[in-house]
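Sequence positions, counted from 1, serve as the residue numbers for this chain.
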Amino acid sequence: FLETNPKNLYSTLHHQISQLLGSDLGFMIALLNPKTGLIEMPYVYEGNERILIDPFPMGEGLTSIILRDRKPILLVKDIERKAQELGAKSLGRMPKSWMGIPLICEDAIQGALIIQDPNWEERFKEDDLQMLTTLAPQVAIAIRNAQILSDIQQTLETYAQERNLLDSWLDNTPDQIYFKDLQGIYVRGSNSY
């Protein structure tokens with residue numbers, strides 16, 4: 001995965017998995033925000049429909065169980081009962097087949113990749129789970145790298161804005177302002193200085 005933009009990365013991943021498993025599936029990327037402890041769902045599709053889900057706290061759903069236990073889950077029949085056996089509480093209508101894989105990078109849980117079929121039981125096989133489990137470390141690294149690059153770009157943009165504000169202020173202030181380094185050498189000054 002060479003994509004560096006998180007949104008494009010999710011879309012590329014979705015497209016590739018759709019080619020392998022079918023395009024009529026629900027596809028979700030869940031990310032655990034280490035700062036807030038909330039589960040964020042930056043990319044959720046059910047079939048061809050994009051769904052927006054607000055961040056939510058770790059709870060008792062299947063996604064939270066994957067994030068907590070760091071183990072993949074494959075449910076292909078009688079999902080509601082099997083989810084309850086795992087300790088999961090469901091909100092809304094359960095799909096007929098469900099597969100979730102933890103995304104772990106450098107021993108830290110990044111999130112989970114979730115694929116579901118709302119209409120057909122036994123849609124997924126153990127081979128599908130194994131394939132996605134094998135891909136999961138590369139996906140986790142790609143997501144982490146895309147997030148880091150996005151954070152760096154945002155930091156650089158913020159720095160450029162602050163630099164422009166400082167330049168504008170120093171160019172236009174009537175105050176005499178200057179900056180010296182530790183050796184006492186002038187490094188910057190307002191136009192009025």
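Between the side chain of Ser190 and the backbone N or O of Asp175 there is at least one donor-acceptor pair closer than 3.5 Å. Listed for the Asp69 side chain is no donor-acceptor partner under 3.5 Å among the backbone atoms of Lys71. Looking at Thr155, its side chain does come within 3.5 Å of a backbone N or O of Asp151 through a donor-acceptor pair. With hydrogens and angles ignored, the 3.5 Å screen pairs a side-chain donor or acceptor of Ser97 with a backbone N or O of Glu122. Listed for the Ser18 side chain is a donor-acceptor partner under 3.5 Å among the backbone atoms of His14.
Aromatic rings from Tyr45 and Phe27 are positioned such that their centres are separated by 6.0 Å or more.
One finds the CG atom of Leu149 at 12.0 Å from the CZ atom of Arg144 (value rounded to the nearest 0.5 Å). A distance of 4.5 Å separates CG of Leu170 from CG of Leu166, quoted to the nearest 0.5 Å. The CG atom of Leu67 sits 10.5 Å away from atom CD of Gln110, with the distance rounded to the nearest 0.5 Å. Rounding to the nearest 0.5 Å places CG of Leu156 at 13.0 Å from CZ of Arg163. How far CZ of Arg70 is from CD1 of Ile101: 15.5 Å, rounded to the nearest 0.5 Å. From Ile143, atom CD1 reaches atom CG of Leu113 across 7.5 Å, with rounding to the nearest 0.5 Å.
Residues Pro72 and Leu129 share a closest heavy-atom pair of CB-CD1, 3.8 Å. Ile73 and Leu75 make their closest contact through CG2-CG, 3.7 Å (heavy atoms, listed as atom of the first residue, atom of the second, distance). Between Ala136 and Pro102, the closest heavy-atom pair is CB-O, 3.6 Å. Listed here is the closest heavy atom pair of Leu38 and Pro55: CD1-CB, 4.0 Å. The shortest non-hydrogen separation linking Pro137 to Thr134 is CD-O, 3.4 Å. Looking at every heavy atom in both residues, Ala146 comes nearest to Leu9 through CB-CD2, 4.2 Å.
Asn48 CG: 12 or fewer foreign heavy atoms inside a 6.0 Å radius. Around atom CD of Gln19, more than 12 heavy atoms belonging to other residues, nucleotides or ligands sit under 6.0 Å away. By the neighbour-count criterion of 12 heavy atoms within 6.0 Å, atom CD of Gln176 is densely surrounded, having more than that number from other residues, nucleotides or ligands.
Connection of Trp120 to Leu20 is not established within any shared hydrophobic cluster, with ILVMFWY side chains joined at heavy-atom distances below 4.5 Å, either directly or through further cluster members. Following chains of ILVMFWY side-chain contacts shorter than 4.5 Å, one cannot reach Ile177 starting from Tyr193, and the two form parts of different hydrophobic clusters. Both Leu86 and Met94 sit in one connected hydrophobic cluster of ILVMFWY residues. Membership requires side-chain heavy atoms under 4.5 Å apart, directly or through other members. Taken together through direct or relayed side-chain contacts under 4.5 Å among Ile, Leu, Val, Met, Phe, Trp and Tyr, Met131 and Phe124 form part of one hydrophobic cluster. Note: the hydrophobic cluster containing Tyr43 does not contain Ile141 (ILVMFWY, side chain heavy atoms under 4.5 Å, direct or indirect links).
Using a cut-off of 4.0 Å between Lys/Arg side-chain N and Asp/Glu carboxylate O, Lys96 and Glu121 are scored as not salt-bridged. Ionic pairing of Lys125 and Asp128 is not present here: no N-O contact between side-chain nitrogen and carboxylate oxygen is shorter than 4.0 angstrom. A salt bridge does not link Asp181 with Arg188: none of the charged nitrogens is closer than 4.0 Å to a carboxylate oxygen.
The side-chain heavy atoms of Leu52 and Arg50, taken from C-beta on, include a pair separated by under 4.5 Å. Contact annotation: the side chain of Leu132 approaches that of Met99 to within less than 4.5 Å [non-hydrogen atoms, C-beta and beyond]. The shortest distance between side-chain heavy atoms of Ile39 and Leu31 does not fall below 4.5 Å.
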Stepwise side chain to side chain contact (heavy atoms under 4.5 Å, CB included) test for Leu165 and Gln161: CA-CA 6 Å; Leu165 286 171; Gln161 288 174 344; 5.5 Å; no

All N/O donor-acceptor pairs, side-chain side in residues 56-66, below 3.5 Å, sequence neighbours left out:
residue, atom, partner, partner atom, Å
Glu60, OE1, Lys89, NZ, 3.1
Ser64, OG, Gly59, N, 2.8

